[in-house]
Amino acid sequence: MRMTFYEAVGGEETFTRLVRRFYEGVADDPVLRPMYPEEDLGPAEERLRLFLIQYWGGPRTYNEQRGHPRLRMRHVPFRIGAAERDLWLRHMRDAVDSLDLHEALERQLWEYMVMAAHSMVNVAEDA
Ligand code: HEM
């Protein structure tokens, strides 16, 4: 049987490290931090962790807890323009780099993040 991407990059531990590093960046970001409604970023970190694990072929705990992702819809309450998208991607780039993955895996992960972040933009200021 073919390995899932989730398994190939090291399973749960890798995604835990990825989102931990990402949210460390968000925690210190003066633009992104105020967008998060909760005082504690821990629950948001856990939701992103479970979503990514599921997306890449790991356990489907995200769907059990949150239902169908519908990520664009879930981001509608937040104003996401080019600036917010690029900051999100900057922290994600740093987090992806920190994993030291093999090049092909890293590229696959990064291309997805770029595509997903662009698809979450919900204000028209950027072309
Ligand atoms: C939730 C911001 C892109 C995945 C959230 C929340 C904010 C946010 C403020 C609410 C926090 C919470 O869960 O309590 C942003 C911004 C983005 C962005 C500014 C810039 C483009 C993305 C991308 C993904 C993603 C690209 C997926 C690859 C998620 C997930 C949740 C979430 C899974 C939790 C949804 C739920 O179950 O309620 N995001 N996000 N976000 N975001 Fe993003």
Side-chain angles (χ1 to χ4, degrees):
M1 216 174 85
R2 269 186 76 206
M3 242 201 234
T4 60
F5 184 90
Y6 170 77
E7 290 165 329
V9 297
E12 178 171 4
E13 194 217 326
T14 298
F15 289 93
T16 302
R17 282 164 56 212
L18 176 72
V19 300
R20 181 159 308 145
R21 179 70 174 244
F22 173 74
Y23 272 105
E24 281 169 13
V26 170
D28 287 337
D29 189 303
V31 175
L32 295 188
R33 182 61 187 90
M35 293 176 74
Y36 287 80
E38 288 172 293
E39 179 86 36
D40 180 5
L41 284 175
E45 178 175 325
E46 180 64 0
R47 290 190 275 270
L48 181 59
R49 195 179 78 90
L50 292 177
F51 170 77
L52 291 172
I53 285 173
Q54 171 172 303
Y55 178 84
W56 291 105
R60 301 189 58 79
T61 316
Y62 178 89
N63 263 40
E64 280 164 25
Q65 293 188 0
R66 307 288 295 162
H68 189 284
R70 299 179 213 282
L71 284 189
R72 245 191 88 81
M73 189 194 80
R74 291 193 205 259
H75 285 78
V76 166
F78 314 111
R79 184 191 181 285
I80 303 178
E84 290 78 11
R85 173 197 70 203
D86 290 347
L87 288 167
W88 192 99
L89 280 171
R90 180 190 296 174
H91 299 302
M92 190 52 81
R93 178 75 249 180
D94 176 61
V96 168
D97 284 345
S98 78
L99 297 176
D100 268 325
L101 297 176
H102 288 298
E103 196 187 329
L105 294 171
E106 180 181 301
R107 191 176 328 117
Q108 200 180 336
L109 182 58
W110 180 244
E111 281 172 6
Y112 166 75
M113 294 299 182
V114 171
M115 179 280 294
H118 279 74
S119 80
M120 233 56 86
V121 170
N122 55 24
V123 294
E125 32 105 1
D126 68 313

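Whatever order the structure lists ligands and atoms in, that order sets their numbers, starting from 1. Atom set for the values below is all heavy atoms of this structure, side chains included, hydrogens, waters and symmetry mates excluded.
Set against the non-hydrogen atoms of Ala116, the atoms of ligand 1 under 4.0 Å away are 26 (C), 28 (C). Listed by number with element, the atoms of ligand 1 under 4.0 Å from a non-hydrogen atom of Leu48 are 4 (C). Heavy-atom proximity to Phe51, at under 4.0 Å, picks out these atoms of ligand 1: 27 (C), 33 (C). Near Glu38, meaning under 4.0 Å from any of its heavy atoms, are these atoms of ligand 1: 14 (O). Within ligand 1, counting atoms from 1 as listed, the ones closer than 4.0 Å to a heavy atom of Leu71 are 4 (C), 27 (C), 30 (C), 33 (C). Each of the atoms 6 (C), 7 (C), 9 (C), 10 (C) of ligand 1 lies under 4.0 Å from some heavy atom of Phe78.
Taking the six-membered ring where the residue is Trp, Phe15 and Tyr6 present parallel rings, their angle staying beneath 30° rather than reaching 60°.
Ligand 1 does not have Tyr55 within reach: every non-hydrogen atom of the residue lies 4.0 Å or more from it.
Residue-level proximity to ligand 1 for Met120 is carried by the side chain, the only part with a heavy atom below 4.0 angstrom.
Ranking the protein heavy atoms by distance from atom 11 (C) of ligand 1 puts Tyr36 CD2, 3.4 Å first. The nearest heavy-atom contact from the protein to atom 19 (C) of ligand 1 is Met35 CE, 3.7 Å. Looking at atom 17 (C) of ligand 1, its nearest protein heavy atom turns out to be Trp88 CD1, 3.1 Å. Atom 28 (C) of ligand 1 has its closest protein heavy atom at Tyr112 OH, 3.6 Å. Ranking the protein heavy atoms by distance from atom 13 (O) of ligand 1 puts Arg47 NE, 2.9 Å first.
The aromatic ring centroids of Tyr36 and Tyr23 lie less than 6.0 Å from each other. Between Tyr55 and Phe5, a ring centre-to-centre spacing not shorter than 6.0 Å is recorded.
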Item to complete: Begin from the C-alpha positions of Arg49 and Thr16 and carry the test side-chain hydrogen bond (donor to acceptor under 3.5 Å, both in side chains) through to its verdict.
Response: CA-CA 6 Å; Arg49 195 179 78 90; Thr16 302; 2.9 Å; yes
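Ligand 1 has a nitrogen or oxygen under 3.5 angstrom from a nitrogen or oxygen of Arg66. When only interatomic distances are considered, the shortest N/O to N/O separation between Tyr62 and ligand 1 falls below 3.5 Å. Below 3.5 Å of separation, one finds an N or O of His75 facing an N or O of ligand 1.
Between Phe22 and Leu48, some side-chain heavy-atom pair lies under the 4.5 Å cut-off.
For Thr14 (side chain) and Val9 (main-chain N/O), a donor-acceptor pair under 3.5 Å exists by modelled atom type.
At a threshold of 4.0 Å, the pair Asp86-Arg90 does not count as salt-bridged, since none of the basic side-chain nitrogens sits closer than that to a carboxylate oxygen. Ion pairing of Arg21 with Asp94 is present here, as a side-chain N (NZ or NE/NH1/NH2) and a carboxylate O approach within less than 4.0 Å.
One hydrophobic cluster holds both Val121 and Met115 under the rule that ILVMFWY side chains link at heavy-atom gaps under 4.5 Å. Taking hydrophobic clusters as Ile, Leu, Val, Met, Phe, Trp and Tyr residues chained together by side-chain heavy-atom distances below 4.5 Å, Val76 does not share a cluster with Trp88.
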